[in-house]
Asks: 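Starting off with a structure, shown below.
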Amino acid sequence: MKTNYKSAVAATLFLLFAVSAFAQFPPVSKLPVRQDPPDPLVMFKGTPVTSKAMFMQNRCAELKAMFQHYEYGTLPPRTNISSRVEYADKNCFGGKATLKLITIRFGQREPRIDLMLVVPNHRKKPAPVFMGMNFGGNYALVTNPMVPFPRSAPRRNPPAESQRGKQIDVWNIEQSIDRGYAVATCFCNDVEPDSVNATNGIREILFPAKGDAAYGTIAAWAWGLQRIVDYLNTDKDIDSRHIAVVGHSRLGKAAIVAAAFDNRITMAIPLQSGTGGAAPSRGNADSESVKKINTSFPHWFCDEFKKFNDQPERLPMDQNCLIALCAPRPVLLGCATEDKWANPTGQFEMLKSADKVYRLMGTDGLAETTMPQENHVIDSTLGYFIRPGKHSMTKGDWKVFLDYADKHFGKPK
Ligand code: GCU
């Protein structure tokens with residue numbers, strides 16, 4: 001009862017906030033047309049941002065409000081979680097790791113997150129962790145028969161014993177364990193199913209998404225990632241200073257949004273995240289346009305974003321500003337040569353534009369200014385790599401993530 005009351009109050013405050021945020025900015029038709037992405041170091045009304053403090057206080061608040069108002073919708077509020085370890089296998093990967101199955105609840109039966117956490121056994125200290133959502137359900141990432149099927153059907157295949165372990169090569173958890181990192185993941189549908197009329201996600205049940213500023217699926221997933229951080233901060237096996245969010249494609253969009261809005265996430269690795277992620281909304285002829293993404297996936301963003309379909313040049317921010325919100329935390333963008341849809345060159349441009357914010361924060365920013373050759377990793381605080389091949393997440397990609405984490409977190413002990 002108590003929790004229901006609290007959720008009702010949170011939901012009301014959330015709606016009020018959504019309405020007031022909506023009132024703050026001009027309608028899309030009144031926004032100026034700008035061919036180039038807006039400067040992350042210039043306030044909406046034109047005042048230059050001249051100090052770190054001014055960026056952190058004024059510009060970050062303004063950018064967060066703009067992203068919620070014009071693109072993702074108002075992120076749901078933080079809510080109290082309760083968690084329980086349902087199962088632990090100390091002999092995972094031949095004794096190298098412990099696998100834990102944890103349920104994270106929000107005061108009611110559903111929705112809930114079924115988190116799978118795999119932690120290396122041989123370590124002196126709490127482990128740094130890669131955290132992210134998966135497309136196939138936890139059981140597709142490991143062979144352990146105790147990991148249950150997801151409660152709703154994955155994107156491509158219905159849950160079936162034949163699918164167990166089928167995505168081992170996507171998450172490559174053992175490779176991270178061997179390098180001293182933990183991996184925490186859940187099925188994205190636990191938080192919000194990827195469909196227009198989802199009835200069993202947080203947008204319907206927990207924080208009803210209503211009105212023009214109603215949040216879309218990307219914001220819902222980002223909120224879910226933040227609730228996983230809530231849990232990780234309570235787990236003694238995990239080093240809460242070293243939490244890297246990883247996500248592929250649409251889940252990469254959610255990953256960068258989660259990090260931009262939550263500085264407990266200390267590294268962001270959105271892989272091939274494309275439009276609505278790390279690629280500019282002011283795209284190119286080969287990349288996914290705002291109109292296309294809003295037409296194919298009308299549930300991903302807020303309604304206001306659709307007003308930019310034929311005029312993305314009116315956006316008062318672009319995805320360079322989303323990356324800048326992560327400053328000074330490390331952000332690594334990964335691309336693939338054949339994945340022009342996710343706009344590899346545009347993503348590099350977004351980093352180049354966010355660089356000045358990172359320099360203002362005293363970091364090395366993006367160390368190189370020309371688009372790198374294939375397989376050359378730029379591993380500065382703003383990092384980038386492009387590898388040959390298609391839209392996918394591979395063992396080789398994870399090796400780059402691990403090397404990058406070693407550099408910026410320090411090698412796990
Ligand atoms: C589609 C979509 C992309 C998305 C991708 C994915 O291609 O257009 O925006 O990133 O699916 O999630 O795999």
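Numbering of ligands and ligand atoms starts at 1, following listing order. This one's a predicted model, so the numbers in the text were calculated from it and none came from an experiment.
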Asks: For atom 5 (C) of ligand 1, tell me which residue out of S249, G252, G247, S392 has the closest non-hydrogen atom.
Replies: S249
Asks: Does the R84 side chain pair with the main chain of T103, one donor and one acceptor, at a distance under 3.5 Å?
Replies: no
Asks: Within a distance under 4.0 Å of any heavy atom of H391, pick out the atoms of ligand 1 and give their elements.
Replies: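 Near H391, meaning under 4.0 Å from one of its heavy atoms, ligand 1 has 6 (C), 13 (O).
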Asks: For the residue pair F301 and Y72, categorise the inter-ring angle as parallel (less than 30°), tilted (30 to 60°) or perpendicular (more than 60°).
Replies: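 F301 and Y72: tilted rings.
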Asks: Taking only heavy atoms of F297, which atoms of ligand 1 are found under 4.0 Å from at least one of them?
Replies: 1 (C), 2 (C), 8 (O)
Asks: Ignoring hydrogens and angles, state whether a donor on the side chain of D194 or W300 is under 3.5 Å from an acceptor on the partner side chain.
Replies: yes
Asks: Please identify which atoms of ligand 1 are closer than 4.0 Å to at least one heavy atom of I293.
Replies: 9 (O)
Asks: Strictly under 4.0 Å, does any heavy atom of Q272 approach an atom of ligand 1?
Replies: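 No, that is not the case, since the closest heavy atom of the residue is not under 4.0 Å from the ligand.
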Asks: Do P111 and V191 have side chains that get closer than 4.5 Å, going by heavy atoms?
Replies: no
Asks: Do the rings of W398 and F130 sit parallel, tilted or perpendicular, given the 30° and 60° boundaries?
Replies: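 Geometry flag for F130 against W398: perpendicular rings.
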Asks: Short list, please: which atoms of ligand 1 are under 4.0 Å from a heavy atom of W341?
Replies: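 Result: 2 (C), 7 (O), 8 (O).
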Asks: For atom 3 (C) of ligand 1, what is the nearest protein heavy atom, given as residue, atom name and distance?
Replies: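 Result for atom 3 (C) of ligand 1: E288 OE1, 3.3 Å.
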Asks: Can you confirm whether the side chains of D89 and N144 place a donor and an acceptor under 3.5 Å from each other?
Replies: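 Indeed, the side chains of D89 and N144 share at least one donor-acceptor pair under 3.5 Å.
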Asks: Just which atoms of ligand 1 are under 4.0 Å from any heavy atom in K253?
Replies: 3 (C), 4 (C), 9 (O), 10 (O)
Asks: Which ligand 1 atoms, with their elements, are less than 4.0 angstrom from a heavy-atom of R250?
Replies: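 With R250 as reference, the close atoms of ligand 1 come out as 1 (C), 5 (C), 6 (C), 10 (O), 11 (O), 12 (O), 13 (O).
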Asks: Considering non-hydrogen atoms only, spot the tightest contact between N172 and T394 and give its length.
Replies: ND2-C, 3.7 Å
Asks: Can you tell me if T275 contacts ligand 1 (heavy atom of the residue under 4.0 Å from the ligand)?
Replies: no
